Amino acid sequence: MRASGGTRIEWSEIPPEVQTAVGDLCGSPVVEATNQAGGFSPGLAARCRLADGRRVFVKAVSPAQNPQACRIHRREAEIASVLPSSVPAPRLIGVHDDGRWVALVFDDIEGRQPHEPWTIDDLDIVIPALGRFARDMTPTAVTSLQDVTDRHRPVFSGWRRLAGGDGDTGRLSLWAQEHLETLARAEDGWEDAATGSTLLHADLRADNLLVDDAGHLWIVDWPWACRGAAFVDLVFLLPSIGLGGGPAPATVIERHDLFATVDHDALTAVVAAVAGFFTRAAMDPAPDGLPTLRAFQQAQADVAVHWLATLIR
């Protein structure tokens, strides 16, 4: 299953004054825009050619597409503006924010997303690159970021919410129903386990990764960036790799010797938190403009819960 939350608006649907503002940021007007698939925003995400021949990447959204999307774009702009140049992320060129429309303009990265379902060849590029990134970003120089515990505390309580009667436990697998109290206890320790000083992207999926022609990995879409333990980003990533016939977490872990130095209980706690988040979130109504989000979360929950079952002793 590909990460895609809704139908994106096209460049032609952007108000003329916003189009003009984007051209002003670039120093040349947009003459061609090609929408990019994937991701969970109904806003514009387009590779654009300028009149002077340069290429940029433009994201734009208003509350009409999704009430929360503008807030997320503003946060992404704040984070992109403070990321060190050593981070393999596109450079932020400029921001237009008129109080309704928010448009972000980035350097355009020539590259492809990893194949979905994921292949071993792509994993052999992405996983080592993420390992190098984590080492280089520990400790992170971006001290203004939230800790992962502060960022995710409101949502990483899925099993505890379900155990407390908040949610339809009848939708859980038989194993999860039988072990619900154990899962809630395991999840309870995720904050101590996830604490750290590494720069985390905190939303790694195929649609947020690009591999260029030289085989270098680029990481895009940074609104959820935070600080935490280095292994946390890989826990966030693995459930999405296992979708649609991609390798299961156990296969990726064995092939790349992941988590060898991570305490078993710490790993279990963070996996429990991620699995509980996906499981409980999938039960909520779909947000405006994102009709497939809950199905995608449920698919990731299925992979994460299966992984969690192998960790629970």
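If you're wondering where the values come from, they're calculated on a predicted model, not measured in any experiment.
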I'd like to check [X] versus [Y] (side-chain heavy atoms, cut-off strictly below 4.5 Å). Are they in contact?
{"X": "P223", "Y": "H73", "answer": "no"}
{"X": "I312", "Y": "W175", "answer": "yes"}
{"X": "I127", "Y": "L234", "answer": "yes"}
{"X": "I219", "Y": "V87", "answer": "no"}
{"X": "D107", "Y": "V56", "answer": "no"}
{"X": "L217", "Y": "F133", "answer": "no"}
{"X": "I241", "Y": "P249", "answer": "no"}
{"X": "E110", "Y": "R55", "answer": "yes"}

Exercise. Any salt bridge (Lys or Arg N to Asp or Glu O under 4.0 Å) pairs touching residues 264-275, not counting sequence neighbours?
Worked result: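 Every pair satisfying salt bridge (Lys or Arg N to Asp or Glu O under 4.0 Å) with a residue in residues 264-275: there are none.
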
Exercise. Which salt bridge (Lys or Arg N to Asp or Glu O under 4.0 Å) pairs, counting each pair once, include a residue from residues 124-146, with sequence neighbours left out?
Worked result: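 Pairs touching residues 124-146 that pass the test: D124-R255.
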
Under 3.5 Å, is there a donor-acceptor pair between the side chain of [X] and the main chain of [Y]?
{"X": "R151", "Y": "A202", "result": "no"}
{"X": "H201", "Y": "D221", "result": "yes"}
{"X": "E254", "Y": "V252", "result": "no"}
{"X": "S240", "Y": "L237", "result": "yes"}
{"X": "R294", "Y": "P287", "result": "no"}
{"X": "T198", "Y": "T138", "result": "no"}
{"X": "E13", "Y": "E10", "result": "yes"}

Seminar exercise, completed: The complete set of side-chain hydrogen bond (donor to acceptor under 3.5 Å, both in side chains) pairs with one or both residues in residues 156-167, sequence neighbours excluded, reads R160-E187, R160-D188, R161-D166, D166-R280

Same cluster for [X] and [Y] if Ile/Leu/Val/Met/Phe/Trp/Tyr side chains link at under 4.5 Å?
{"X": "W118", "Y": "L204", "result": "yes"}
{"X": "V155", "Y": "L183", "result": "yes"}
{"X": "V303", "Y": "V235", "result": "no"}
{"X": "L104", "Y": "V82", "result": "no"}
{"X": "L25", "Y": "I109", "result": "no"}

Problem set entry | Step-by-step side-chain contact (heavy atoms from CB on, under 4.5 Å) determination, L50 to V30 | CA-CA 4 Å; L50 305 178; V30 172; 3.8 Å; yes

Exercise. D122 and H115: side-chain donor and acceptor closer than 3.5 Å?
Worked result: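 Looking only at side-chain atoms, H115 and D122 do form a donor-acceptor pair, the distance falling under 3.5 Å.
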
For this session: Could you tell me whether the side chains of S62 and Q65 share a donor-acceptor contact shorter than 3.5 Å?
Result: yes

Quick one: [atom1] on [X] to [atom2] on [Y], what's the gap to the nearest 0.5 Å?
{"X": "F231", "Y": "L130", "atom1": "CZ", "atom2": "CG", "result": "15.0 Å"}
{"X": "L145", "Y": "W224", "atom1": "CG", "atom2": "CH2", "result": "14.0 Å"}
{"X": "Q36", "Y": "L44", "atom1": "CD", "atom2": "CG", "result": "10.0 Å"}
{"X": "T182", "Y": "L180", "atom1": "OG1", "atom2": "CG", "result": "8.5 Å"}
{"X": "L209", "Y": "W218", "atom1": "CG", "atom2": "CH2", "result": "13.0 Å"}
{"X": "Q177", "Y": "L162", "atom1": "CD", "atom2": "CG", "result": "10.5 Å"}

For this session: Give a yes or no on this: more than 12 heavy atoms of other residues, nucleotides or ligands lie within 6.0 Å of atom CG of D213.
Result: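 No, the 6.0 Å shell around CG holds no more than 12 heavy atoms from other groups.
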
[X] and [Y]: which non-hydrogen atoms are nearest, and at how many Å?
{"X": "R171", "Y": "Q298", "value": "NH2-OE1, 4.2 Å"}
{"X": "V274", "Y": "P239", "value": "CG1-CG, 4.4 Å"}
{"X": "D233", "Y": "L199", "value": "OD2-O, 4.4 Å"}
{"X": "W222", "Y": "I79", "value": "O-CD1, 3.2 Å"}
{"X": "H152", "Y": "C226", "value": "CE1-SG, 4.4 Å"}
{"X": "A89", "Y": "L83", "value": "CB-CD1, 4.2 Å"}

Problem set entry | Pairing residues for E32 by the side-chain hydrogen bond (donor to acceptor under 3.5 Å, both in side chains) criterion, not counting sequence neighbours |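 side-chain hydrogen bond (donor to acceptor under 3.5 Å, both in side chains) list for E32, sorted by chain: R49.
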
Problem set entry | All side-chain hydrogen bond (donor to acceptor under 3.5 Å, both in side chains) counterparts of T195, not counting sequence neighbours |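 So T195 forms no side-chain hydrogen bond (donor to acceptor under 3.5 Å, both in side chains) with any residue.
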
Exercise. Partners of H256 by ring-ring contact (aromatic ring centres under 6.0 Å, His included), sequence neighbours excluded?
Worked result: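 Listed in chain order: nothing, the list is empty.
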
Go through the structure and list residues passing side-chain contact (heavy atoms from CB on, under 4.5 Å) with [X], not counting sequence neighbours.
{"X": "P15", "result": "E17, V18, W101"}
{"X": "D288", "result": "N66, P67"}
{"X": "V220", "result": "P90, N208, L210"}

Problem set entry | Verdict with reasoning, I253 to L238, per side-chain contact (heavy atoms from CB on, under 4.5 Å) | CA-CA 9 Å; I253 292 167; L238 289 185; 3.9 Å; yes

Exercise. Where do S86 and M137 land on the side-chain contact (heavy atoms from CB on, under 4.5 Å) test, with the steps shown first?
Worked result: CA-CA 9 Å; S86 56; M137 294 297 126; 3.4 Å; yes

Exercise. Excluding sequence neighbours, so at least two apart, what forms salt bridge (charged side-chain N to carboxylate O under 4.0 Å, His left out) with D121?
Worked result: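 Once residues adjacent in sequence are excluded, D121 has no partner under the salt bridge (charged side-chain N to carboxylate O under 4.0 Å, His left out) criterion.
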
Exercise. Taking only residues two or more places apart in sequence, or in another chain, which ones meet R227 in a salt bridge (charged side-chain N to carboxylate O under 4.0 Å, His left out)?
Worked result: D147

Exercise. Ring pair (Phe, Tyr, Trp, His ring centres under 6.0 Å): which pairs involve residues 257-290, sequence neighbours left out?
Worked result: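 Residue pairs with at least one partner in residues 257-290: F156-F277.
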
